[in-house]
Amino acid sequence: MIILGIETSCDETSIAIVKDGCDVLCNIIASTKDVFADSGGVVPEDAARRQVELILPVLHSALSDTNLSFDDIDAIAVTKGPGLMGSLLVGTMTARSLSYIYHKPLIGVHHTLGHLSSVWLNHSDTPQFPCLTLSVSGGHSDIWLRQSHTNGLLVGSTRDDAAGEAFDKGAAMLGLPYPGGPSIAKAAETGDMSAFVFPIGLSQEKTCDFSFSGLKNSLRLTIQKHESNLESLQADLAASYQEAICNQLCKRIEHALTLYPEVKEVHVVGGVSANTRLREMLQKSISPLPLRTTHSISFCTDNAAMIAAAGFFMHQENTDSATLAFVTSATLSPEQTFS
Ligand code: KG4
Ligand code: ZN
């Protein structure tokens with residue numbers, strides 16, 4: 001089954017064509033992150049305007065790169081949320097129009113289910129369920145216990161900022177460009193991770209939840225204290241701050257594994273999963289269990305291939321509200337047909 005995926009939830013305009021949920025025939029991503037490098041974050045109106053400009057050229061590239069036409073496409077999957085309203089509308093309106101014109105079924109995909117599906121892209125091995133998935137991006141930090149591709153339980157979540165947000169806000173405080181994750185990771189390469197000791201949120205609790213607001217505040221106070229020689233300490237601060245974020249993520253996964261010993265493998269997905277230090281630390285934390293990461297870094301951050309994959313698994317598992325067992329407000333919604 002060949003699915004055309006569309007992802008426009010934030011500042012990436014992406015269209016992918018994926019066969020059977022795994023085989024990525026193309027994954028075009030037009031990112032406007034450089035436009036927002038100096039503004040410290042995405043400006044929603046500007047992001048939506050760029051989505052309008054880019055969506056049709058990106059669609060054209062996806063079809064011409066693969067030599068496919070809409071005759072070859074079996075269904076269209078599109079991110080239906082959450083995300084920036086203006087940006088989402090560009091993707092969902094484009095998907096609806098294409099579905100109507102070419103008579104293709106339309107699958108509305110929750111953005112998080114897209115990230116959860118990203119580890120299967122360009123991997124042909126059989127999924128091992130149950131698995132624990134650490135899903136960490138600019139908008140969410142969650143731990144899912146999953147029984148299948150579309151069926152799972154949210155066992156932990158952030159109580160304030162997301163991990164990616166902690167990277168982005170920390171970078172802005174340190175005078176590093178947006179997006180903060182890659183900037184901090186780069187600065188940390190030459191820094192000493194033990195130079196500063198930052199607090200690990202919720203360390204007194206036995207929980208799978210996260211909290212990054214205390215850590216962020218601690219960075220702010222440390223920066224104030226060392227304002228006069230901040231430049232020379234930037235790398236050490238970045239390395240120590242990154243270490244504190246990764247430490248908390250690992251500790252919560254370790255705790256989740258004590259609660260769910262039946263888990264066969266651990267996954268890490270979302271933009272923050274591109275972080276090399278996090279991958280290293282997680283692999284140690286969960287050993288001897290295998291850590292499944294995305295095949296390519298471009299599948300960590302927002303992309304349409306993961307949306308096409310999620311659309312395929314929703315179709316394959318015939319997802320409807322009765323088969324979903326998510327117990328919190330962050331439920332992954334069932335397949336929606338807009339046409
Ligand atoms: O999944 P994503 O592309 O978009 C959302 O759904 O939010 O994640 C973006 C987030 C940003 O906060 C960015 O700083 C973070 O992922 N990120 C990283 C790295 N690359 C991107 N964080 C840490 N290390 C990285 N290498
Ligand atoms: Zn995302």
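Predicted model only: the values in this text are computed from it and were never measured. Remember, it's 1-based here, ligands and their atoms both numbered in the order they're listed.
- Atom CD of Gln204 has 12 or fewer heavy atoms from other residues, nucleotides or ligands within 6.0 Å.
- The protein heavy-atom contact nearest to atom 12 (O) of ligand 1 is Asp168 OD2, 2.7 Å.
- Contact atoms of ligand 1 toward Gly139: 7 (O) (distance under 4.0 Å to a heavy atom of the residue).
- Atoms of ligand 1 found under 4.0 Å from any heavy atom of Gly164, numbered from 1 in the order shown, are 12 (O).
- The structure places SG of Cys250 at 5.5 Å from CG of Leu278, a figure rounded to the nearest 0.5 Å.
- When you scan the N, O or S atoms of Asp302 for the one nearest the Zn ion (ligand 2), you land on OD1.
- At the Zn ion (ligand 2), the angle from NE2 in His115 to NE2 in His111 is 100° when rounded to 10°.
- Residue-ligand proximity, Phe167 to ligand 1, at heavy-atom distances under 4.0 Å covers atoms 22 (N), 23 (C).
- The shortest contact between atom 10 (C) of ligand 1 and any protein heavy atom is with Gly138 N, 3.4 Å.
- Remark: minimum distance from atom 3 (O) of ligand 1 to any protein heavy atom is reached at Asp302 N, 3.0 Å.
- Between His115 and ligand 1, at least one pair of N/O atoms sits closer than 3.5 Å.
- Atoms of ligand 1 found under 4.0 Å from any heavy atom of His111 (numbered from 1 in listed order, with element): 6 (O).
- A distance below 6.0 Å separates the ring centres of Phe196 and His226.
- At the shortest separation from atom 24 (N) of ligand 1 among protein heavy atoms lies Asn275 ND2, 3.0 Å.
- Among all protein heavy atoms, the one lying closest to atom 8 (O) of ligand 1 is Gly271 CA, 3.4 Å.
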**Asked** What's the verdict on side-chain hydrogen bond (donor to acceptor under 3.5 Å, both in side chains) for Glu317 and Asn151, showing C-alpha distance, side-chain angles and the deciding distance?
**Response** CA-CA 9 Å; Glu317 294 183 4; Asn151 187 333; over 6 Å; no
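- Counting only non-hydrogen atoms, the option in Ser31, Cys246, Ser137 that gets closest to atom 5 (C) of ligand 1 is Ser137.
- Residues Phe198 and Glu243 fail the side-chain proximity criterion, which asks for heavy atoms closer than 4.5 Å.
- A distance-only check finds no donor-acceptor pair linking the side chain of Asp168 to the backbone of Pro179 [under 3.5 Å].
- Checked by atom type, the side-chain pair His115/Thr112 shows no donor-acceptor distance below 3.5 Å.
- Considering only non-hydrogen protein atoms, atom 23 (C) of ligand 1 sits nearest to Gly181 CA, 3.4 Å.
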